[in-house]
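For reference, the structure discussed in these notes is given below.
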Amino acid sequence: AELVDLLYWRDLQRTGVVFGASLFLLLSLSVCSIISVISYVALALLSVTISFRIYKGILQAVQKSEDGHPFKMYLDKDVGISSELVHKYGDTALAHFNSLIKELRRLFLVEDLVDSLKFAVLMWILTYVGALFNGLTLLILGLIGAFSWPVIYEKHQAQIDHYYGLVNKQIKDVLGKIQAKIPGAKPKTE
C-alpha cells in the first residue's frame, strides 16, 4: 500500500523526494562511476552533518545550554536488520529464483515449442533494444515510467482499456493463425 501511494503521487512531497533522488542517482551513474557517485553523496552528507553538529555546538556554547548531541535520537535507534526479516525475504527470493530456473529449463529444452519460439522472438527483439539502449538508460526510462504511468492510467483508464482490448484481440488473432500453421503446436486453452 505504501508503494502504491508513492507511485500514484498521493503524498506529493514524499514522492517528489523519492523520484527526484532516484532519478538524480541514476543520471549521476550515467555520467560518473559508482565509486565516484557514492563518494560524492557521502561527502555531501558528511558536510551537512558536520556543519550542523558544529553549528549546534557553537549555539549551545553561546546560549550556555546543555542540549547534548544534536543527533542523539538517531544514534540511539537500532539500525540492525533482524534475522527473521532476512529469512523472510531470503526465502521469497529463493522461491522466485527456483521458479525462474525451472522456467528457463523448460524454455531452453523446448518442453513447449510455442513458448520456446515466443521466448526466442523476445530474445531477438531484446538484441535490438540492447543495441539502442544500455541497461542504465532502461533503468532511467523504467523509473520515469513507474512514476508516470499509474497517474496517466488513472486519469485515462477507459480509453487505455479500450485500445488495449483492441490490440490484445489483434495479437491473439495473429498468434492463433501462426499456431495453426506450425506443425505440432497446440493452442493453449484458457
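Counting from 1, the numbers follow the sequence of the chain as shown.
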Quiz prompt | Distance, nearest 0.5 Å, that separates CG of Asp11 from CD of Glu2 | solution = 10.0 Å
Quiz item: Do Val37 and Leu136 share a hydrophobic cluster (ILVMFWY, side-chain heavy atoms under 4.5 Å, transitive)?
Solution: yes
Practice problem: Please report the closest heavy-atom contact between Gln60 and Asp67, naming both atoms and the distance. | Solution: NE2-CB, 3.4 Å
Self-check item: SB check Lys177 Asp173 (cutoff 4.0 Å)
Solution: no
Quiz item: In this structure, are over 12 heavy atoms from other groups packed under 6.0 Å from Ile81 atom CD1?
Solution: no
Quiz prompt | Rounded distance (nearest 0.5 Å) linking atom CD1 of Ile144 with atom CD1 of Ile140 | solution = 7.0 Å
Quiz item: Should Val151 and Leu3 be regarded as members of a common hydrophobic cluster, given that ILVMFWY residues are connected when their side-chain heavy atoms come within less than 4.5 Å of each other, either directly or indirectly?
Solution: yes
Quiz item: Can you check whether Leu26 reaches Ser30 side chain to side chain, under 4.5 Å on heavy atoms?
Solution: no
Quiz item: Would a 4.5 Å heavy-atom cut-off, applied to side chains only, mark Ile58 and Ile54 as touching?
Solution: yes
Practice problem: State whether the number of non-hydrogen atoms from other residues, nucleotides or ligands found under 6.0 Å of Met123 atom CE is greater than 12. | Solution: yes
Quiz item: About how many Å separate CG of Leu7 and OG1 of Thr15, when rounded to the nearest 0.5 Å?
Solution: 7.5 Å
Exercise. Find out if a path of hydrophobic residues (ILVMFWY) with successive side-chain heavy-atom gaps under 4.5 Å connects Ile34 to Leu139.
Key: yes
Quiz item: Near Phe24 CZ, under 6.0 Å, is it more than 12 heavy atoms from other residues, nucleotides or ligands?
Solution: no
Exercise. For the pair Tyr128 and Trp124, name the ring-plane relationship: parallel under 30°, tilted 30 to 60°, perpendicular over 60°.
Key: perpendicular
Practice problem: Could you tell me whether Tyr164 atom OH has more than 12 heavy atoms of other residues or ligands within 6.0 Å of it? | Solution: no
Self-check item: Ionic contact status for Glu66 with Lys72, cut-off 4.0 Å
Solution: no
Practice problem: To the nearest 0.5 angstrom, please state how far the CZ atom of Arg105 sits from the CD atom of Glu103. | Solution: 10.0 Å
Quiz prompt | Chi angles and distances behind the side-chain contact (heavy atoms from CB on, under 4.5 Å) call for Val121, Leu117 | solution = CA-CA 6 Å; Val121 168; Leu117 287 173; 5.6 Å; no
Self-check item: Where Ala146 and Pro150 come nearest, the two heavy atoms and their spacing
Solution: O-CD, 3.1 Å
Quiz item: Is any side-chain heavy atom of His69 less than 4.5 Å from a side-chain heavy atom of Lys56?
Solution: no
Quiz item: Would a hydrophobic clustering, with Ile, Leu, Val, Met, Phe, Trp and Tyr connected at side-chain separations under 4.5 Å, put Val4 with Ile160?
Solution: no
Self-check item: Parallel, tilted or perpendicular: ring planes of Phe147 versus Trp9, cut at 30 and 60 degrees
Solution: perpendicular
Exercise. State whether the side chain of Ser99 and the backbone N or O of His96 hold a donor-acceptor pair below 3.5 Å, judged by distance alone.
Key: yes
Quiz item: Would you call Lys102-Glu111 a salt bridge at under 4.0 Å N-O?
Solution: no
Practice problem: Report the relative orientation of the aromatic rings in Phe119 and Phe108; use parallel for angles under 30°, tilted for 30 to 60°, perpendicular for over 60°. | Solution: perpendicular
Quiz item: Around atom OH of Tyr8, are there more than 12 heavy atoms of other residues, nucleotides or ligands at under 6.0 Å?
Solution: yes
Quiz item: Counting distance only, does the side-chain N/O of Thr49 pair as donor-acceptor with the main-chain N or O of Leu46 below 3.5 Å?
Solution: yes
Quiz item: Would you say Gln159 has more than 12 foreign heavy atoms packed within less than 6.0 Å of its CD?
Solution: yes
Quiz item: When hydrophobic residues are tied together by side-chain contacts of less than 4.5 Å, even through go-betweens, does Leu143 share a cluster with Leu12?
Solution: yes
Quiz prompt | Heavy-atom closest contact (Tyr153 atom, Asp161 atom, distance) | solution = OH-OD1, 2.7 Å
Quiz item: Are the side chains of Leu166 and Gln170 in touch, meaning some heavy atoms are under 4.5 Å apart?
Solution: no
Quiz item: More than 12 heavy atoms of other residues, nucleotides or ligands under 6.0 Å from CG of Leu43: is that the case?
Solution: yes
Self-check item: Pair Arg106 + Asp115: basic N to acidic O under 4.0 Å
Solution: yes
